[in-house]
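Inspection log for the structure reproduced underneath, given as structure tokens.
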Amino acid sequence: MASGRSALPERRGIMYTFHSRVRYSEIDADGHITLDNIINYMQDCSTFHSEDLGIGIQYLKKNHQVWMLSAWQIVIEQLPKFAQEITIGTQAYDFSNVFGYRNFAIMDETGAYLVKANSIWCLTDTVTGRPMRIKPEFVACYGTAKPLEMNYANRKITIPNDGQKQDPIQVQYHHLDTNRHVNNGQYVKMALQYLPKDFSIYQMRAEYRQQAKLGDIILPVIFPVQRGFVIVLENEDGKPFSIVELLSR
């Protein structure tokens with residue numbers, strides 16, 4: 001997503017898609033795609049969407065704007081497997097003040113949904129660091145589609161009490177994206193390493209509170225909850241960078 005200019009084209013609210021095939025480098029020991037690679041596909045889809053509309057990375061950079069992810073919810077009905085042909089899709093379905101709401105989906109060869117997701121993004125001024133109001137012409141460019149049918153969870157994740165602290169992680173170059181902060185998918189990848197090996201993920205939620213940058217120290221804290229775990233990735237003052245909830249069926 002990106003921000004408004006008078007020359008932006010108006011688009012109908014339809015799902016933007018691209019096709020792929022699950023690669024060997026994207027699977028786990030059981031031959032299924034990993035959650036972090038599901039996130040990579042979805043991020044790629046949204047960036048392709050914006051690039052094809054002419055409001056992608058360079059447009060944002062020129063206008064001192066960035067879309068900051070506020071929250072993810074991903075529901076996995078069936079994990080795509082090695083060499084499977086898949087279609088990845090995304091659509092904007094609402095805009096409200098400074099927030100944009102975007103669905104994602106991964107579908108099989110027949111068009112059946114394997115994975116559905118909801119995401120909330122905040123348009124931010126990179127100079128001031130403050131949220132920006134989304135202009136009407138920008139909304140017209142993306143269009144709005146009917147939201148996907150799924151059980152929409154709350155954006156906020158409750159942090160339980162009495163978590164178990166883990167060894168610190170120092171932010172490295174490979175954690176960063178083009179905005180020079182830790183990519184949202186990297187927080188989830190960090191959290192995944194604390195799951196039991198036989199844990200089967202049905203739903204992931206992630207909430208993003210602040211941005212970690214190169215050299216920052218991230219302190220993971222693990223909280224067992226019903227059906228899964230909450231992993232809080234804190235700074236050295238105990239304030240969360242990100243909160244990740246991973247649940248089984």
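The structure presented is a predicted model; accordingly, all values stated were derived computationally and were not measured.
- Among residues two or more places apart in sequence or in another chain, the side chain to side chain donor-acceptor pair (under 3.5 Å) test is passed with Q203 by Q73.
- Evaluation of the side chain to side chain donor-acceptor pair (under 3.5 Å) test over residues 239-249, restricted to residues two or more places apart or in two chains, returns E77-R249, R205-E245.
- A pairwise comparison of heavy atoms in L60 and I55 identifies CG-O, 4.3 Å as the closest pair.
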Pair V98-L123, side-chain contact (heavy atoms from CB on, under 4.5 Å): steps then yes or no: CA-CA 6 Å; V98 300; L123 184 63; 5.6 Å; no
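- With sequence neighbours left out, the side-chain contact (heavy atoms from CB on, under 4.5 Å) criterion links I217 to P168, Q170, L219, E236.
- Among residues two or more places apart in sequence or in another chain, the side-chain contact (heavy atoms from CB on, under 4.5 Å) test is passed with Q226 by none.
- No single ILVMFWY cluster, assembled from side-chain heavy atoms under 4.5 Å apart, contains both I157 and Y101.
- Residues passing the salt bridge (Lys or Arg N to Asp or Glu O under 4.0 Å) test with R23 are E26, sequence neighbours excluded.
- For K197, the salt bridge (Lys or Arg N to Asp or Glu O under 4.0 Å) criterion is met by no residue, not counting sequence neighbours.
- Annotation: side-chain contact (heavy atoms from CB on, under 4.5 Å) contacts of F48 (sequence neighbours excluded): Y16, F18, D44.
- Legend: side chain to side chain donor-acceptor pair (under 3.5 Å) pairs involving residues 30-39, not counting sequence neighbours, sorted by first then second residue: T34-D36, T34-N37, N37-N40.
- M42 approaches F104 most closely through the heavy-atom pair O-CE2, 2.9 Å.
- Sorted by first and then second residue, the ring-ring contact (aromatic ring centres under 6.0 Å, His included) pairs with a member in residues 152-177 form an empty list; sequence neighbours excluded.
- With hydrogens and angles ignored, the 3.5 Å screen pairs a side-chain donor or acceptor of Q91 with a backbone N or O of K146.
- In this structure, CD in Q210 is found 10.5 Å from CE in M68, a value given to the nearest 0.5 Å.
- The shortest non-hydrogen separation linking L176 to V182 is CD2-N, 3.8 Å.
- Hydrophobic clustering keeps V232 apart from L35 (ILVMFWY residues linked when any side-chain heavy atoms are closer than 4.5 Å, directly or through intermediates).
- For the pair K116 and Y113, the cation-pi criterion (under 6.0 Å, within 45° of the ring axis) is fulfilled.
- Residue pairs satisfying the ring-ring contact (aromatic ring centres under 6.0 Å, His included) criterion with at least one member in residues 199-247, sequence neighbours excluded, are listed as follows: Y187-Y208, F199-F229.
- For the pair L246/L192, a side-chain contact is recorded, criterion being any heavy-atom separation below 4.5 Å from C-beta on.
- With sequence neighbours excluded, the residues satisfying side-chain contact (heavy atoms from CB on, under 4.5 Å) with A112 are D108, T110.
- By the salt bridge (Lys or Arg N to Asp or Glu O under 4.0 Å) test, R155 is found to be paired with no residue, residues two or more places apart in sequence or in another chain being considered.
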